[in-house]
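Order of the sequence lines fixes the chain letters, A, B, ..., with proteins taken first and strands second; residue numbering starts at 1 for each chain.
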Amino acid sequence: MRWSQLLIPTLKENPADAEIVSHQLLLRAGLIRKLTGGLYTFLPLGLRALRKVERIIREEMDRAGAQEVLMPALQPSDIWQKSGRYELMQDVLFKVKDRSRKEWVLGPTHEEVITTLVAGEISSYRQLPKNFYQVQTKFRDEIRPRFGLMRAKEFIMKDAYSFDATDEGAQESYRKMYAAYGRIFKRCGIQAIAVEADTGVIGGKFSHEFMVPAETGENEVAYSEGGEYAANVEKATSRLTTPTPTVDTGSAPGKFPTPGIVTIEALASAPYNVAATAQLKTLIYLIEGKITLVMMRGDHQLNETKLAAATGTANFRAATSDEIFAALGARPGSLGAVGVTQHPVIADESLRNAAGMTTGANEDGFHFRDVNLDRDIKVGLWHDLRLVKAGEPCPVTGTPLKIRRAIEVGHVFKLGTKYSEPLEALYLDETGQRKPLVMGCYGIGVTRTMQAVIEQSHDKDGIIWPVSVAPFTVCITPLSVLADGPVMKLAEELYQKLNDQGIDTIIDDRDDRPGVKFKDSELVGFPLRVGIGEKSLAKGEIELKPRGGVMQPIKVESAIESILSALKTLSGI
RNA sequence: CGGAGCGUAGCUCAGCCUGGCUAGAGCACUUGGUUUGGGACCAAGACGUCGCAGGUUCGAAUCCUGUCGCUCCGACCA
């Protein structure tokens with residue numbers, strides 16, 4: 001393509017509303033333009049890069065045995081009612097009404113649609129396994145769209161759904177997708193790591209997220225140095241650095257005065273000297289409107305994602321001081337669960353068998369000592385609720401965990417029968433028994449992946465596209481565009497030959513000064529620039545400049561061969 | 001939704017505190033000229049409901065009220 005004919009509106013200055021570098025470069029390189037918050041138009045170059053990411057995804061999905069379909073983005077709300085997610089996901093669902101006032105949903109994801117399809121089309125174990133995928137626009141009423149394509153109201157996702165007869169089969173389908181994801185991100189030129197993750201509103205048995213390490217990422221990943229363990233902090237666990245006391249003092253809980261003491265630290269200091277590990281922290285939450293006591297060890301922090309996983313709902317918040325006083329008769333700082341039977345109590349696993357603990361007495365200015373969990377507190381639910389911190393021992397290796405930020409580009413879920421049961425996607429097995437299909441689902445944020453590539457691969461001058469996803473692979477830069485001059489003649493000739501070889505080539509035929517062309521080609525980030533100027537041409541040479549590499553002169557006679565071999569090197573072939 | 005900030009030319013911003021004349025600069029754009037190996041220079045020109053609505057005032061980009069939009073931090077997620 002000819003630069004002069006394409007819309008490539010590069011910007012010299014950073015747009016005021018772009019905060020992170022990949023967002024700035026998307027705008028500056030003329031790849032996208034904002035329509036309004038969370039909604040973007042893909043310009044010619046941006047679309048070309050996006051299409052290349054999509055092509056890699058399609059090739060790897062096909063290779064892994066998945067088949068492409070295309071489902072409606074507009075969906076009837078009744079299938080969402082059936083799956084139970086109409087309520088659960090109401091905050092992100094875009095809803096629209098038609099002329100007869102019937103309500104529809106703009107699909108944020110497609111478990112309901114694909115399961116409905118499969119329920120009607122698959123009825124025998126002989127048809128299994130199956131895996132269907134699509135590349136499609138998703139709609140989510142995000143609470144806060146941000147960072148350009150990173151979190152948008154409308155975005156392109158590749159979603160795949162596997163259907164198996166057995167759990168073992170589903171496991172194998174999961175494994176295949178997991179492997180395919182690794183190949184996809186590698187081919188896109190980004191380093192993504194798989195981490196254990198929370199399943200959230202999608203639900204299911206377990207899941208892995210594919211994370212691109214980046215300071216601007218919205219997630220935190222806990223991992224061991226050697227890569228033996230990696231998990232989203234929402235899900236991560238660690239070994240305890242210090243054990244929880246379990247020695248029964250033999251005494252019943254004894255109330256003692258602690259005037260003005262309302263923090264763990266204060267109680268840990270003189271004259272009380274109660275180690276934080278021997279204290280019970282009692283947090284009061286309003287879970288689906290009900291006062292609930294959440295118990296943590298004094299030195300631990302609550303992880304709210306784990307609380308959601310434990311309770312099966314995200315509909316909760318910390319209670320206010322007044323709500324707490326009304327329920328327990330004391331203010332934060334003096335709270336405890338001893339003798340509390342009228343409210344449910346949830347406790348963190350680290351408190352199992354805890355004994356000789358100290359906790360608030362539900363009376364301002366007083367605490368209990370000698371509290372045994374088994375004997376004195378009615379715990380209704382035990383669950384891992386603890387937020388891991390950097391430096392705590394890895395659950396696998398025992399070495400100190402590290403924590404770093406990352407961008408989630410993909411997520412694979414082992415779903416089980418969460419959707420096949422309510423939507424009645426059943427099949428007959430060898431013995432004629434009717435059983436629910438065992439499902440998995442697998443998403444890649446395609447537009448987000450494209451931005452993640454930029455976030456991970458850029459320098460002060462602009463984007464550094466990997467060959468695999470670059471909008472154009474080669475940029476031919478004639479320094480003079482006189483139509484019948486030797487420079488332009490050679491440029492046109494190379495342009496023809498490269499295109500004939502199937503190399504995506506752009507020729508910068510703009511009548512601009514060299515500096516402008518160099519800056520623009522670096523900003524957009526084409527992997528290889530072929531510079532043609534009168535000076536070097538006089539020596540029978542032109543210049544090859546890999547983006548991010550060093551300029552090298554090549555002979556005109558062997559230009560095509562040199563370019564092709566440089567591309568091979570850049571592609572890592 | 002809670003907290004913080006910003007809305008002035010296509011873009012980046014100044015002017016606002018302390019109200020006053022035709023509302024400014026740089027980049028981009030148009031025309032002419034000079035340039036031509038790292039975002040050129042000269043000259044001329046075009047481009048504004050100062051986000052919107054209301055108020056205060058002789059007079060509002062500037063002060064007040066409301067409203068809309070955008071960005072950032074938190075809850076949500078590919």
Side-chain angles (χ1 to χ4, degrees), chain A residues 9-20 23 27-28 30 33-39 57 88-93 108-110 135-160 181 192 197-202 207 209-212 216-219 232 234 304-305 308 314-318 407-413 441-452 461-462 477-482 487 511-523 529 531-538 542-543 545 551:
Chain A
T10 57
L11 304 171
K12 280 188 193 176
E13 289 171 294
N14 271 328
D17 57 5
E19 201 73 15
I20 69 172
H23 185 196
L27 292 164
R28 285 193 58 206
R33 281 295 181 266
K34 181 169 76 175
L35 204 216
T36 181
L39 297 173
I57 291 172
L88 194 61
M89 292 185 74
Q90 58 182 335
D91 289 345
V92 296
L93 282 182
T109 174
H110 279 69
V135 177
Q136 197 217 29
T137 299
K138 300 286 189 258
F139 299 87
R140 293 187 187 175
D141 192 1
E142 289 289 345
I143 300 165
R144 182 150 93 85
R146 59 176 147 181
F147 299 153
L149 305 177
M150 282 294 182
R151 176 174 302 283
K153 288 183 192 296
E154 181 185 319
F155 63 97
I156 296 175
M157 177 159 112
K158 185 287 300 175
D159 44 327
Y181 273 38
D198 179 65
T199 54
V201 292
I202 303 287
S207 76
E209 289 166 333
F210 285 79
M211 294 286 199
V212 177
T216 52
E218 297 185 88
N219 300 272
N232 192 313
E234 294 175 349
E304 289 199 345
T305 304
N315 178 18
F316 60 73
R317 63 168 172 85
I407 299 163
E408 179 191 355
V409 287
H411 201 161
V412 294
F413 296 82
C441 72
Y442 318 93
I444 291 178
V446 182
T447 38
R448 183 184 284 178
T449 297
M450 174 181 149
Q451 183 166 351
D461 296 316
T477 306
L479 299 187
S480 150
V481 293
L482 283 176
V487 168
D511 186 11
D512 263 306
R513 298 166 64 85
V516 173
K517 296 187 175 193
F518 292 150
K519 287 288 185 189
D520 269 349
S521 76
E522 278 152 19
L523 178 57
R529 183 176 72 214
I532 307 173
E534 280 169 3
K535 287 184 186 170
S536 46
L537 200 53
I542 58 177
E543 286 150 6
K545 171 71 169 66
M551 181 115 62

Enquirer: Can you check the Lys138(A) NZ to C77(B) P distance for me, whole Å?
Expert: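 These atoms are roughly 17 Å apart.
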Enquirer: Please tell me which of the listed nucleotides, G39(B), G38(B), A78(B), lies nearest to the side chain of Glu522(A)?
Expert: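 Nearest to the side-chain atoms of Glu522(A), counting from C-beta on, is G38(B).
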Enquirer: Do the side-chain N or O atoms of Lys12(A) get closer than 4.0 angstrom to the phosphate oxygens (OP1, OP2) of C11(B)?
Expert: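 For C11(B), OP1/OP2 do not have a side-chain N/O of Lys12(A) under 4.0 Å.
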Enquirer: Using a 4.0 Å heavy-atom cut-off across all strands, classify Glu209(A) as base, sugar-phosphate, or nothing.
Expert: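 The answer is nothing, as Glu209(A) stays clear of every strand by at least 4.0 Å.
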Enquirer: Mapping Ile20(A) and Gly410(A) onto RNA chain B by nearest heavy atom, which one lands closer to the 5' end?
Expert: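 Its nearest nucleotide lies further toward 5', so the answer is Ile20(A).
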Enquirer: Between G37(B), A40(B), A78(B), which nucleotide has the shortest distance from any of its atoms to the side chain of Arg151(A)?
Expert: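 Selected nucleotide (nearest to the side chain): A78(B).
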Enquirer: Classify the side chain of Asn219(A) versus the base of C77(B) as yes if they form a donor-acceptor pair under 3.5 Å and no if they do not.
Expert: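 Donor-acceptor pair under 3.5 Å: yes.
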Enquirer: Base, sugar-phosphate, or nothing for Arg28(A), non-hydrogen atoms under 4.0 angstrom?
Expert: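 Touches a base.
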Enquirer: Salt-bridge test for Glu522(A) and Arg529(A): reply yes if a basic N is under 4.0 Å from a carboxylate O, no otherwise.
Expert: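 Here Glu522(A) pairs with Arg529(A) in a salt bridge, since their nearest N and O are under 4.0 Å apart.
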Enquirer: I'd like to know if Arg529(A) reaches the base of G37(B) with its side chain such that a donor and an acceptor end up less than 3.5 angstrom apart.
Expert: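 Answer no: no donor N or O sits under 3.5 Å from an acceptor.
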Enquirer: Val516(A) has a side chain; which of C73(B), G39(B), A78(B) sits nearest to it?
Expert: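 Between C73(B), G39(B), A78(B), the one nearest the side chain of Val516(A) would be G39(B).
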Enquirer: So does Arg513(A) reach the base of U35(B) with its side chain, donor to acceptor, closer than 3.5 Å?
Expert: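 Yes, the side chain and the base share a sub-3.5 Å donor-acceptor pair.
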Enquirer: So how far is it from Asp159(A) CG to His411(A) NE2, rounded to the nearest 0.5 Å?
Expert: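 Answer rounded to 0.5 Å: 14.0 Å.
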Enquirer: Go through C70(B), G37(B), G38(B) for me and flag the one nearest to the Lys519(A) side chain.
Expert: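 The closest nucleotide is G38(B).
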Enquirer: Using a cut-off of 4.0 Å on non-hydrogen atoms, how would the nucleic acid contact of Gly515(A) be classed: base, sugar-phosphate, or nothing?
Expert: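 Sugar-phosphate contact only - Gly515(A) comes under 4.0 Å of backbone atoms but never of a base.
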Enquirer: Remember a base hit wins even if backbone is also touched, and classify Arg146(A) as base, sugar-phosphate or nothing at under 4.0 Å, heavy atoms.
Expert: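 Counting heavy atoms under 4.0 Å across all strands, the contact made by Arg146(A) includes a base.
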Enquirer: Taking the nucleotide of RNA chain B with the closest heavy atom to each, which residue, Lys34(A) or Pro514(A), is nearer the 5' end?
Expert: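 It is Pro514(A), whose closest nucleotide lies nearer the 5' terminus.
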Enquirer: Mind checking the CG-CZ spacing from Asp17(A) to Arg146(A)? Nearest 0.5 Å is all I need.
Expert: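 Spacing of CG (Asp17(A)) from CZ (Arg146(A)) equals 15.0 Å.
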Enquirer: Do Glu304(A) and G74(B) share a donor-acceptor pair, side chain to base, under 3.5 Å?
Expert: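 It does not, because no donor-acceptor pair links the side chain of Glu304(A) to the base of G74(B) below 3.5 Å.
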Enquirer: Using only heavy-atom distances, determine whether the side chains of Asp520(A) and Thr10(A) contain a donor-acceptor pair under 3.5 Å.
Expert: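 Yes, side-chain donor-acceptor contact under 3.5 Å.
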Enquirer: Roughly how many Å is it from CE in Met450(A) to C1' in A78(B), rounded to a whole number?
Expert: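 Result: 15 Å.
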Enquirer: In terms of relative ring orientation, are Tyr181(A) and Tyr442(A) parallel, tilted or perpendicular, with 30° and 60° separating the classes?
Expert: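 Correct class here is perpendicular.
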Enquirer: Between C1' on G69(B) and NZ on Lys153(A), what's the gap in Å once rounded to a whole number?
Expert: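 Taking NZ of Lys153(A) and C1' of G69(B), I get 12 Å after rounding.
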Enquirer: Within less than 4.0 Å of OP1 or OP2 of C70(B), is there a side-chain N or O belonging to Thr36(A)?
Expert: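 Yes, within the criterion.
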Enquirer: Which whole-number value in Å describes the distance from Asp159(A) CG to C77(B) P?
Expert: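 Rounding to the nearest Å, CG of Asp159(A) and P of C77(B) are 17 Å apart.
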Enquirer: Nearest-Å distance, CZ (Phe518(A)) to P (A40(B))?
Expert: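 So the CZ-P distance, Phe518(A) to A40(B), works out to 12 Å.
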Enquirer: Would you mind classifying the nucleic acid contact of Tyr181(A) as base, sugar-phosphate or nothing, using non-hydrogen atoms under 4.0 angstrom?
Expert: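 The residue Tyr181(A) makes no contact with any strand.
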Enquirer: Take the protein atom CZ of Arg140(A) and the nucleotide atom P of A78(B), then report the distance between them rounded to whole Å.
Expert: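 Those two atoms, CZ and P, are 5 Å apart.
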Enquirer: Would you say the side-chain atoms of Gln451(A) pair up with the backbone N or O of Leu149(A), donor to acceptor, closer than 3.5 Å?
Expert: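 At least one qualifying donor-acceptor pair exists.
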Enquirer: For a quick check of understanding: with a heavy-atom distance under 4.0 Å over all strands, which category does Pro15(A) fall into, base, sugar-phosphate or nothing?
Expert: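 The residue Pro15(A) makes sugar-phosphate contact but no base contact.
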Enquirer: Between the base of G37(B) and the side chain of Glu534(A), is there any donor-acceptor pair under 3.5 Å?
Expert: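 Side chain to base: no pair present.
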Enquirer: Asp512(A) CG to G38(B) P: how many Å, rounded?
Expert: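 Interatomic distance, CG of Asp512(A) to P of G38(B): 14 Å.
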Enquirer: Which nucleotide in the set G37(B), A75(B), C11(B) lies at the smallest distance from any side-chain heavy atom of Glu13(A)?
Expert: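 So the side chain of Glu13(A) is nearest to C11(B).
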Enquirer: Quick one: Phe155(A) CZ to C76(B) C1', roughly how many Å, whole number?
Expert: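 Between C1' of C76(B) and CZ of Phe155(A): 12 Å.
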Enquirer: State whether the distance check finds a donor on one side and an acceptor on the other, under 3.5 Å, for side chain Ser536(A) versus base G37(B).
Expert: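 Check passes, donor-acceptor contact within cut-off.
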Enquirer: For Glu534(A), is the CD atom crowded, meaning more than 12 foreign heavy atoms sit under 6.0 Å from it?
Expert: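 Counting neighbours around CD of Glu534(A), 12 or fewer heavy atoms of other residues, nucleotides or ligands fall under 6.0 Å, so no.
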Enquirer: My understanding is that a pair needs two contacts under 3.5 Å, Watson-Crick or G-U wobble. By that rule, which nucleotide pairs with G26(B)?
Expert: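 Checking every strand shown, G26(B) finds its partner in C11(B), with both distances under 3.5 Å.
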